[in-house]
Amino acid sequence: MIIPISWKNIWRNKQRSMVVIVAITLGTVAGVFVAGLMNGWMNQRIRDVIYMETGHIKIQNPDYLVNEEILYSIKEYDNIQTYLDTMPGIKHWSARSKVMAMASTAYGSTGITLKGIDIEKEKEVSGLYKMLISGTYFENDSRMPQVLISRKTADNLKIRNYKITETVLDSLIALDIPNETITKLNTLQNERYITRKKFEKAISGVWSVSEIKKYAPTLINTASYIHPGSKITFSFTKANGEIGYQSYRVCGVFKTSNSAFDQMSAFVNHSELVAGTGISNHSFHEISIILNNKDSIDDICNSLNTIYPGSTAMTWKKLQPDVGMMADFMGVYYYIIMGIIFLALAFGIINTMLMSILERVKELGMLMAIGMKKIKVFIMIMLETIFLTLTGSVIGMILGAAIIKITGKRGINFSGVEEGFESFGWSARVYPNIEIYFFFGIIVMVIIISILSAIIPAQKALKLKPIEALRIE
Amino acid sequence: MKVIEINELHKIYNESEVKVHAVNGITLDFDEGEFAAIVGPSGSGKTTLLNMIGGLDSPTSGNVIVAGSEMSALRGSELTDFRLHNIGFVFQAYNLIPVLTARENTEFVMRLQNKPAKECKSRAEEMLNAVGLGNRMESRPSKMSGGQQQRVAVARALASKPQFVLADEPTANLDSKSTETLLEIMEKLNREENITFIFSTHDARVVKKARRVITIEDGKVVSDERK
């Protein structure tokens with residue numbers, strides 16, 4: 001009986017209830033969406049860490065952790081390899097050798113870690129091959145050793161080329177650059193310029209000073225590309241302590257959402273790195289492992305450490321403690337956001353409920369006079385508050401989930417601040433998503449907030465004396 | 001059989017300042033099945049007396065005994081429970097629950113008594129038929145006239161079969177035709193259900209229908225006539 005009365009009571013003053021419900025709905029939508037956005041970011045970051053950088057578990061030589069020397073390779077590699085192939089729970093694994101090197105071209109040089117990978121096995125543990133922005137993921141019939149570098153490295157080594165193609169002209173038209181200015185570029189069309197300087201010189205031959213001032217940065221940006229096939233020479237310390245050199249041809253260029261990773265990584269075929277550095281065929285510095293079930297991560301990591309005490313297995317959370325900590329903290333963080341929103345809304349709810357009670361003092365007096373116990377009056381007011389809040393938050397959750405579903409498919413692009421995001425390893429395009437359990441958490445939170453907000457109004461009602469309340473006209 | 005015994009009842013307001021003796025030593029009995037009116041001018045103390053009989057107000061001294069139990073001995077929720085199970089109330093301003101239909105309002109007291117829903121429904125329908133509102137069962141109070149609302153209030157007061165019904169100026173807001181209908185209905189129910197009715201009123205039409213008229217002035221009974 002009390003439940004239907006409470007529900008009906010909130011619709012007595014439709015306008016007032018709707019104002020509160022709309023406020024709660026908007027607050028919930030905002031909270032759910034922000035949580036979805038953060039969660040999308042977090043998941044992407046975790047995915048990137050696992051599938052680009054560490055795997056679920058990484059095995060290394062403990063000495064290598066202290067000093068990244070070429071000699072500190074995994075000691076029991078052959079045994080570990082057999083074990084990983086037979087151990088249930090392990091989905092894929094791939095070993096890499098790492099060499100600190102200096103990469104140089106005719107135009108620039110940069111420090112880098114050369115990672116020797118098994119190109120087929122690497123595909124199973126890393127999404128690197130999906131991150132190519134030009135070229136290919138290693139070619140079979142190359143005479144020269146091949147290297148995959150990042151766009152960032154290409155920039156650092158100044159191996160960006162410039163070419164005005166049909167597509168470039170089309171995009172300039174789309175950018176509202178005057179036709180006559182674009183027409184002047186026709187003579188340069190399909191000409192390849194291997195340095196920015198040469199390209200700028202060519203532009204200055206056809207464009208006026210004012211045109212250069214106005215449009216040159218856009219043109220340079222649009223016409224730039226990385227020419228696969230550029231040569232890079234790497235110098236490094238060989239296994240025997242001597243300085244070694246090896247030249248590689250760029251077969252492809254990748255770009256991940258972590259610019260620090262991009263800047264520091266170049267990938268080559270392990271066998272070619274072996275040939276250049278003089279390390280053994282079975283010499284690897286890290287093994288990246290992907291598991292079938294991420295819940296078994298600690299168990300598998302512990303058993304690896306027990307069985308192979310000469311090597312150190314670490315989970316991704318240990319290897320990237322900042323991301324691990326954030327992943328653990330995020331669940332709480334979403335609820336803190338929701339908590340703050342609901343706390344602010346609670347004042348609106350209290351106000352509405354107080355008004356609703358002051359309006360029907362006489363009726364509450366009558367209810368108590370005819371025999372409704374105070375506890376039932378209290379429950380009735382409590383339920384009214386819960387219904388009011390729950391209605392708004394359920395609508396808010398449905399809308400929030402719908403917005404997350406839509407934006408989660410397309411992604412939201414924060415391209416304006418891309419560089420800033422990527423320097424921290426965060427993707428500029430985020431795909432919001434949220435787990436279902438978060439909504440259960442919100443419902444529990446809404447009920448708690450409703451009960452807390454109902455206390456003051458309900459107390460007000462409990463203090464009423466039926467005889468006095470009945471006298472009110 | 002005595003339903004209510006009132007012994008030397010006093011009610012003094014403003015005890016610390018200027019004392020107002022609202023009820024000044026009233027002793028009365030009510031038998032089962034009475035149809036009694038308490039009359040008197042405004043401020044004579046009839047509503048205060050009614051409130052003390054109904055357990056809504058506590059006497060300064062004296063006592064009210066209903067069906068053998070002394071009401072002043074009851075506290076808080078016991079008193080609420082006592083009212084729920086023993087007394088039916090009809091108020092001057094109808095005081096129905098606006099969000100409930102006539103039937104739901106009539107059922108309300110029985111539902112508070114935790115009676116089975118089916119029983120509540122059939123009794124509410126029986127009572128609404130008895131007060132001539134069989135065709136308005138699903139109407140909300142706002143869609144009914146004052147007279148109809150007061151008939152719903154009477155149906156609600158009687159539905160739970162209380163020991164007695166207290167009605168504080170039940171006709172004060174009604175026109176003469178509605179007053180007449182209501183009085184007829186109350187009298188009929190008083191006879192059929194053998195429920196004691198006690199009114200406070202200064203409406204001559206109600207006084208005319210009452211079988212016992214108690215006149216109060218300055219908090220004292222000045223006459224007690226049985227017809």
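For the numbers below, each heavy atom of this structure counts, side chains included, while hydrogens, waters and symmetry mates do not. Please read these numbers as outputs of a predicted model, since none were measured by experiment. Sequence lines set the chain letters: A, B, ... in the order given, protein chains first and strands last, and positions in each chain run from 1.
By a heavy-atom distance cut of under 4.5 Å, A:P466, A:I467 are the residues of residues 448-468 of chain A near chain B, going up by number. Of residues 14-45 of chain A, no residue lies under 4.5 Å from chain B by any heavy-atom pair.
Only the side chain of B:N51 comes within less than 4.5 Å of a heavy atom of chain A; its backbone N, CA, C and O stay farther away. Residue B:F108 touches chain A through both its backbone and its side chain, counting heavy-atom pairs closer than 4.5 Å. Proximity to chain A (any heavy atom under 4.5 Å) is restricted, for B:L96, to the backbone atoms N, CA, C and O. Of the atoms belonging to B:N86, not a single heavy atom falls under 4.5 Å from chain A. With a threshold of 4.5 angstrom between heavy atoms, B:L112 approaches chain A through its backbone and through its side chain. Neither the backbone nor the side chain of A:K374 comes within contact range of chain B, judged by heavy atoms closer than 4.5 Å. With a 4.5 angstrom heavy-atom cutoff, B:E104 touches chain A via backbone and side-chain atoms both.
Among the candidates B:D168, B:I87, B:T80, the residue making the largest number of heavy-atom pairs closer than 4.5 Å to chain A is B:T80. Ranked by heavy-atom pairs under 4.5 Å with chain A, the list B:V109, B:L84, B:L79 is led by B:L84. Your options are B:C120, B:P162, B:S77, B:P98, and the one with the most heavy-atom pairs under 4.5 Å with chain A is B:P98.
The shortest non-hydrogen separation linking B:F164 to B:I195 is CA-CG2, 4.2 Å. Across B:M144 and B:A102, no two heavy atoms sit closer than the pair CE-CB, 3.8 Å. Contact record, B:I26 with B:L49: CD1-CD2, 4.1 Å, taken as the closest heavy-atom pair. Here the shortest heavy-atom pairing between B:K11 and B:S58 reads NZ-O, 2.7 Å. Residue A:K373 comes nearest to B:D81 through the heavy atom pair CE-OD1, 3.2 Å, listed as atom of the first residue, atom of the second, then distance. In this structure, B:P170 and B:Q150 approach most closely via the heavy-atom pair O-NE2, 2.9 Å.
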For residues 35-44 of chain B, run the donor-acceptor check on the side chains, cut-off 3.5 Å, and write out each pair with its distance to 0.1 Å, sequence neighbours left out.
residue: B:S44; atom: OG; partner: B:P41; partner atom: O; Å: 2.7

- Derivation and outcome, side-chain contact (heavy atoms from CB on, under 4.5 Å), residues A:F342 and A:M445: CA-CA 8 Å; A:F342 280 125; A:M445 196 180 257; 3.9 Å; yes
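Of the N and O atoms on the side chains of B:N63 and B:S72, not one donor lies less than 3.5 Å from an acceptor on the other residue.
At distances below 3.5 Å, not a single donor-acceptor pair connects side-chain atoms of B:R103 with backbone N or O atoms of B:R136. Panel note: side chain B:S160, backbone B:R156; no donor-acceptor pair is recorded below 3.5 Å.
Aromatic ring orientation, B:H10 versus B:H21: perpendicular (interplanar angle above 60°, classes split at 30° and 60°).
Sorted by first and then second residue, the salt bridge (Lys or Arg N to Asp or Glu O under 4.0 Å) pairs with a member in residues 323-340 of chain A read A:K317-A:D328; sequence neighbours excluded.
In this structure, CG on B:L50 lies 8.5 Å from CZ on B:F89, to the nearest 0.5 angstrom.
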